[in-house]
**Q** 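Below is one structure. I have some questions about it.
Residue numbers begin at 1 in each chain, while the letters A, B, ... track the order of the sequences.
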There are 2 protein chains.
Amino acid sequence: MPPRHKSEAEKQQIRSAVLDAARELFVARGVDAVTMREIAKKVGYSPTALYLHFADKEDLLKALCATDFLALADGMNAIMKIADPIERLNVMGRAYAEFALSHPNHYRLLFMTPQIPCDAMDGGIEKGNPDQDAYAQLMHMVKLAFDAGCFREDIKESSLIAQTLWAGMHGVCALEITKQGDPWVDWQPILTRILTMQDALMRGLLRQSN
Amino acid sequence: MPPRHKSEAEKQQIRSAVLDAARELFVARGVDAVTMREIAKKVGYSPTALYLHFADKEDLLKALCATDFLALADGMNAIMKIADPIERLNVMGRAYAEFALSHPNHYRLLFMTPQIPCDAMDGGIEKGNPDQDAYAQLMHMVKLAFDAGCFREDIKESSLIAQTLWAGMHGVCALEITKQGDPWVDWQPILTRILTMQDALMRGLLRQSN
DNA sequence: GGTGTTAATTAAACAATGTTAAGTTAACGT
DNA sequence: ACGTTAACTTAACATTGTTTAATTAACACC
């Protein structure tokens with residue numbers, strides 16, 4: 001009941017408290033559990049107060065994802081220090097899968113949900129900046145390997161290689177997230193599927209001489 | 001207002017009229033447009049009447065999907081007549097992608113949504129029956145090629161090959177459905193991506209001698 | 001042929017959701 | 001001292017899925 005004028009820093013703090021509460025619900029119980037009322041209760045405000053910090057629920061979720069999108073890019077970034085361009089790509093793929101499977105709800109929202117175009121994400125993420133954009137990071141790594149002549153010479157576009165590698169990993173992870181434990185399919189172990197996908201794509205895309 | 005006692009056939013007809021109305025909304029405007037009230041209006045009943053034919057909304061959607069799941073399996077089935085086991089797999093993959101991209105809303109509900117386990121689908125679909133189960137169909141085709149010695153001999157499980165091929169196609173299609181037109185990524189043409197995925201996986205999984 | 005049961009249907013209502021409109025209260029500037 | 005404004009809340013609205021309680025016509029039977 002007692003409102004006081006807040007500094008910009010205090011406002012930011014409330015904003016991030018809201019995001020933390022939302023994240024906790026989100027991670028634990030999925031996107032449907034993230035109701036404005038429940039977030040508000042958790043953070044000690046009335047539901048309407050959230051609208052002072054976020055335009056609407058989608059805006060709030062976008063802000064949530066922006067944070068984790070940056071975390072993903074950060075992880076990719078650290079991998080650049082590996083010297084061998086192909087080993088680097090392999091490690092990157094496995095790091096991507098690990099992110100997906102240990103944050104399935106985030107992964108679903110980032111890469112399996114249409115309503116939220118990455119492009120419009122909050123948090124000042126810049127397209128093409130490898131520090132912030134995991135796809136740019138992948139493109140960069142593929143291009144280095146491509147220019148070093150690692151890939152089949154009949155493939156003209158390095159972006160096609162990047163998109164194929166991404167799609168392969170995405171396919172394994174997305175099916176795992178969506179259909180894990182579904183008795184319809186007798187799944188091989190997820191790690192086996194990840195490594196097989198990686199191995200098969202690399203064999204299929206690299207120059208024979210490797 | 002004038003209720004008359006209905007035969008079983010008439011009930012089935014209403015049920016399928018409801019499904020048709022729901023499908024129309026669903027295909028045109030996605031799952032969010034499928035509200036019980038709107039279906040009811042389209043089919044000329046009150047919203048509550050739908051509950052005489054379906055337990056709840058999820059049940060209705062499952063029935064919707066069962067139909068299209070069968071259609072998918074039917075398409076796969078027709079491909080069995082191709083003699084060459086590898087060409088057969090390639091054609092199957094492209095048919096799968098065509099299904100996904102021409103019925104994106106169905107594909108999303110069938111393969112990108114967790115709430116609806118294939119296993120519990122209505123319509124009497126039997127697991128493992130290749131006439132009705134597209135995955136069983138894939139497994140069967142892969143196993144034939146596997147037993148004919150088409151694949152690398154260090155891969156011991158044919159199901160691992162099937163799951164990798166599926167995941168690869170799924171990855172391309174799911175990313176296309178989710179991120180088509182997203183300016184974040186400069187996509188190569190979708191057909192190119194499909195063919196590249198198929199080509200790369202086959203090169204990576206088949207015996208060298210092929 | 002009346003009469004009670006039942007099947008088909010609906011209108012009204014409930015609870016949950018995102019969101020908006022209209023207050024309320026305390027701090028600040030002048 | 002006093003109006004304005006920032007920070008918040010309570011009440012309310014619209015939309016959803018779903019349930020309860022009628023209503024109404026057809027059928028079965030004596």
Side-chain angles (χ1 to χ4, degrees), chain A residues 1-19 21-23 25-26 28-65 105 109 113-116 120 122, chain B residues 1-19 21-23 25-26 28-65 105 109 113-116 120 122:
Chain A
M1 321 264 184
R4 214 174 311 171
H5 283 203
K6 303 265 169 93
S7 71
E8 204 59 36
E10 284 172 308
K11 278 200 263 187
Q12 276 301 329
Q13 195 200 319
I14 294 182
R15 193 183 144 97
S16 87
V18 171
L19 283 175
R23 187 189 316 278
L25 292 168
F26 180 56
R29 289 157 45 210
V31 70
D32 286 340
V34 183
T35 92
M36 298 303 255
R37 283 170 168 86
E38 201 162 356
I39 299 170
K41 194 161 87 180
K42 211 173 173 72
V43 82
Y45 283 104
S46 82
T48 44
L50 306 188
Y51 290 86
L52 302 176
H53 301 270
F54 300 93
D56 52 19
K57 187 182 178 180
E58 192 183 324
D59 187 44
L60 197 159
L61 286 181
K62 273 195 291 204
L64 250 196
C65 283
N105 284 313
L109 207 52
T113 306
Q115 277 77 6
I116 300 185
D122 243 348
Chain B
M1 321 263 180
R4 214 174 313 168
H5 284 203
K6 303 264 169 94
S7 70
E8 205 60 35
E10 283 172 309
K11 278 199 264 187
Q12 276 300 330
Q13 196 201 317
I14 294 182
R15 194 183 143 99
S16 88
V18 171
L19 283 175
R23 186 189 317 277
L25 292 168
F26 179 56
R29 287 157 45 209
V31 70
D32 287 340
V34 183
T35 94
M36 297 304 255
R37 283 169 167 85
E38 200 163 357
I39 299 170
K41 194 161 87 180
K42 209 174 174 70
V43 80
Y45 282 102
S46 82
T48 43
L50 305 188
Y51 291 86
L52 302 176
H53 301 272
F54 301 93
D56 53 19
K57 187 182 178 180
E58 191 182 325
D59 187 44
L60 197 158
L61 286 180
K62 274 195 290 204
L64 250 196
C65 283
N105 284 314
L109 206 53
T113 306
Q115 276 78 4
I116 299 187
D122 244 349

**Q** Provide, to the nearest angstrom, the distance between the CD atom belonging to B/Gln12 and the P atom belonging to C/dA8.
**A** 13 Å
**Q** If we only count heavy atoms from C-beta on, is the B/Val31 to B/Asn105 side-chain gap below 4.5 Å?
**A** no
**Q** Whole Å only: how far is the CD atom of B/Glu58 from the P atom of D/dG17?
**A** 13 Å
**Q** Give a yes or no answer on whether the side chain of B/Thr35 reaches the backbone of B/Glu38 with a donor-acceptor pair at less than 3.5 Å.
**A** yes
**Q** Expressed as a whole number of angstroms, how long is the span from B/Phe54:CZ to D/dT19:P?
**A** 16 Å
**Q** Please name all residues satisfying side chain to side chain contact (heavy atoms under 4.5 Å, CB included) with B/Gln12, sequence neighbours left out, ordered by chain then number.
**A** B/Arg15
**Q** Compare side-chain N and O positions of B/Tyr45 against OP1 and OP2 of C/dT10 and report whether any pair is under 4.0 Å apart.
**A** no
**Q** Atom NE2 of A/His53 to atom C1' of C/dT19: distance rounded to whole Å?
**A** 16 Å
**Q** Go through the structure and list residues passing side chain to side chain contact (heavy atoms under 4.5 Å, CB included) with B/Lys41, not counting sequence neighbours.
**A** none
**Q** Just to verify, what does A/Gln13 make a side chain to side chain contact (heavy atoms under 4.5 Å, CB included) with, not counting sequence neighbours?
**A** none
**Q** Report, one line per pair, each donor and acceptor closer than 3.5 Å where one atom sits in a side chain of residues 45-56 of chain B; sequence neighbours left out.
**A**
| residue | atom | partner | partner atom | Å |
| --- | --- | --- | --- | --- |
| B/Ser46 | OG | B/Thr48 | OG1 | 3.0 |
| B/Asp56 | OD1 | B/Glu58 | N | 3.4 |
| B/Asp56 | OD1 | B/Asp59 | N | 2.9 |

**Q** I need a per-nucleotide contact map over nucleotides 12-18 of chain C, read 5' to 3'. Cutoff is protein heavy atoms under 4.0 Å; write B for the base, S for backbone only, - otherwise.
**A** BB---BB
**Q** Please give, in whole Å, the distance from D/dT19 P to B/Leu50 CG?
**A** 13 Å
**Q** What integer distance in Å separates A/Ile14:CD1 from D/dA6:P?
**A** 15 Å
**Q** With heavy-atom distances below 4.5 Å as the criterion, would you say the side chains of A/Ile39 and A/Leu60 are in contact?
**A** yes
**Q** Tell me, please, which residues at least two apart from B/Arg37 pass salt bridge (Lys or Arg N to Asp or Glu O under 4.0 Å).
**A** none
**Q** Using the C1' atoms of the five pairs at each end, what is the angle between the end axes of the helix from C/dG1-D/dC30 to C/dT30-D/dA1, to 10°?
**A** 30°
**Q** Once salt bridge (Lys or Arg N to Asp or Glu O under 4.0 Å) is applied, do any residues pair with A/Glu10, and if so which ones, sequence neighbours excluded?
**A** none
**Q** Figure out the CG/C1' separation between B/Leu52 and D/dT23, and round it to whole Å.
**A** 14 Å
